Amino acid sequence: MIRTATPADVPVIHTLVRDLAAYEKALDEVRASEEQLREALFGERPAAFAHVAQDDASGEVVGFALWFLNFSTWRGVHGIYLEDLYVRPEARGGGHGKALLAELARICVARGYERLEWSVLNWNEPSINFYKSLGALPQDGWSVYRLTDGALGDVASLAGRV
């Protein structure tokens with residue numbers, strides 16, 4: 001069962017974020033607290049949204065998708081950027097990941113959004129194969145760039161001076 005996350009889901013979403021980071025060999029990079037997630041998802045101005053996959057038998061949350069809106073200047077409409085998709089290893093193969101993606105695709109179609117996008121680590125063959133099995137295509141010729149930490153501060157300091 002896929003459902004929209006509630007504030008009561010924040011602790012398990014936080015745990016799943018940490019589990020995903022551990023799987024991606026980057027647990028030491030996780031700084032987000034439960035409070036930050038709660039504010040981002042359910043604060044006065046939510047900046048992100050989440051859905052959870054719940055095991056039908058136990059009712060346990062076994063996966064999540066956290067996403068936000070992006071905008072395509074070429075298409076002139078919003079899309080969804082999937083920041084994180086994770087299903088606990090013991091629940092994989094049960095259709096939870098596919099159901100989470102299907103729900104986000106349904107939201108896109110219902111709202112007139114024309115893109116559902118995400119990034120995947122190049123070494124993550126199981127996920128790449130899963131995404132390709134759904135018809136998702138890599139965006140050849142595009143690379144993701146990111147400013148964080150000191151580099152972000154350095155570029156920010158240029159504001160008003162360039």
Side-chain angles (χ1 to χ4, degrees), residues 1-54 60-88 91 96-122 124 127 130-131 134 136-139 142-160 162:
M1 175 177 84
I2 304 303
R3 62 174 175 77
T4 303
T6 68
D9 294 314
V10 169
V12 72
I13 292 171
H14 186 258
T15 297
L16 292 169
V17 166
R18 294 182 57 77
D19 290 350
L20 171 61
Y23 172 75
E24 293 183 347
K25 302 169 182 63
L27 182 56
D28 60 323
E29 296 180 35
V30 176
R31 296 186 208 167
S33 69
E34 286 184 25
E35 305 313 318
Q36 288 172 307
L37 285 174
R38 185 172 285 106
E39 182 63 26
L41 294 168
F42 304 107
E44 192 174 311
R45 283 183 256 148
F49 308 92
H51 285 76
V52 295
Q54 208 169 358
E60 177 187 11
V61 172
V62 296
F64 81 108
L66 194 143
W67 56 277
F68 54 88
L69 295 180
N70 59 15
F71 185 81
S72 170
T73 56
W74 291 8
R75 296 204 173 204
V77 296
H78 282 291
I80 286 178
Y81 186 84
L82 175 60
E83 180 65 21
D84 286 333
L85 174 70
Y86 183 74
V87 175
R88 289 187 167 137
H96 303 294
K98 190 174 193 177
L100 285 163
L101 280 172
E103 177 60 12
L104 297 186
R106 185 199 65 75
I107 291 168
C108 284
V109 170
R111 295 181 185 178
Y113 303 162
E114 295 188 13
R115 290 182 179 169
L116 172 55
E117 298 179 307
W118 61 91
S119 297
V120 62
L121 291 166
N122 292 332
N124 194 345
S127 294
F130 167 64
Y131 298 141
L134 297 175
L137 300 172
Q139 296 301 291
W142 293 84
S143 295
V144 176
Y145 283 78
R146 179 178 296 161
L147 286 172
T148 61
D149 303 323
L152 180 62
D154 291 346
V155 174
S157 71
L158 299 174
V162 288

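If you read the sequence from its start, that first residue is 1, and numbering goes on from there. All values derive from a computational prediction rather than experimental measurement.
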Quiz item: Which atom pair, heavy atoms only, marks the closest approach of G97 to V87?
Solution: N-CG2, 3.7 Å
Exercise. May I ask you to decide if V61's main-chain N or O and R88's side chain share a donor-acceptor pair within less than 3.5 Å?
Key: yes
Quiz prompt | Rounded distance [0.5 Å steps], CG in L137 versus OH in Y131 | solution = 14.0 Å
Quiz item: How many angstroms lie between atom CZ of F71 and atom CZ of R115, to the nearest 0.5 angstrom?
Solution: 10.5 Å
Exercise. First locate atom NE2 of H51, then atom CG of L85, and finally report the distance between them rounded to the nearest 0.5 Å.
Key: 12.5 Å
Self-check item: NE2-CD distance between H96 and Q54, expressed to the nearest 0.5 angstrom
Solution: 10.5 Å
Self-check item: Heavy-atom side-chain proximity of F49 to I107 below 4.5 angstrom
Solution: no
Quiz item: With a cut-off of 6.0 Å (strictly less than), are more than 12 heavy atoms of other residues, nucleotides or ligands near CG of N122?
Solution: no
Quiz item: Are the side chain of E103 and the backbone N or O of L100 linked by a donor-acceptor pair below 3.5 Å?
Solution: no
Quiz item: Closest approach of Q36 and R31, non-hydrogen atoms and distance?
Solution: OE1-O, 3.5 Å
Quiz item: Is there side-chain contact between F68 and P46, with heavy atoms separated by less than 4.5 Å?
Solution: no
Quiz prompt | Interatomic distance, L69 atom CG to Y113 atom OH [nearest 0.5 angstrom] | solution = 4.5 Å
Quiz item: Heavy-atom distance under 4.5 Å between the side chains of V17 and F64, does that happen here?
Solution: yes
Quiz item: Excluding sequence neighbours, so at least two apart, what forms side chain to side chain donor-acceptor pair (under 3.5 Å) with W118?
Solution: none
Can I get a per-line list of side-chain donor-acceptor pairs under 3.5 Å for residues 5-15, giving both atom names and the distance, sequence neighbours left out?
| residue | atom | partner | partner atom | Å |
| --- | --- | --- | --- | --- |
| T6 | OG1 | A8 | N | 3.4 |
| T6 | OG1 | D9 | OD2 | 3.2 |
| D9 | OD1 | R3 | NH2 | 2.9 |
| D9 | OD2 | R3 | NH1 | 2.7 |
| D9 | OD2 | R3 | NH2 | 3.4 |
| D9 | OD2 | T6 | N | 2.8 |
| H14 | NE2 | A32 | O | 2.8 |
| T15 | OG1 | P11 | O | 3.1 |

Quiz item: So do L101 and L82 actually touch side chain to side chain, heavy atoms under 4.5 Å?
Solution: yes
Self-check item: Gap separating the CG atom of N70 from the CD1 atom of I80, nearest 0.5 angstrom
Solution: 8.5 Å
Quiz item: Do you know the tightest heavy-atom contact between L66 and A48?
Solution: CD2-CB, 3.9 Å
Exercise. Tell me, please, which residues at least two apart from E24 pass side chain to side chain donor-acceptor pair (under 3.5 Å).
Key: none
Exercise. For the residue pair Y86 and Y23, categorise the inter-ring angle as parallel (less than 30°), tilted (30 to 60°) or perpendicular (more than 60°).
Key: tilted
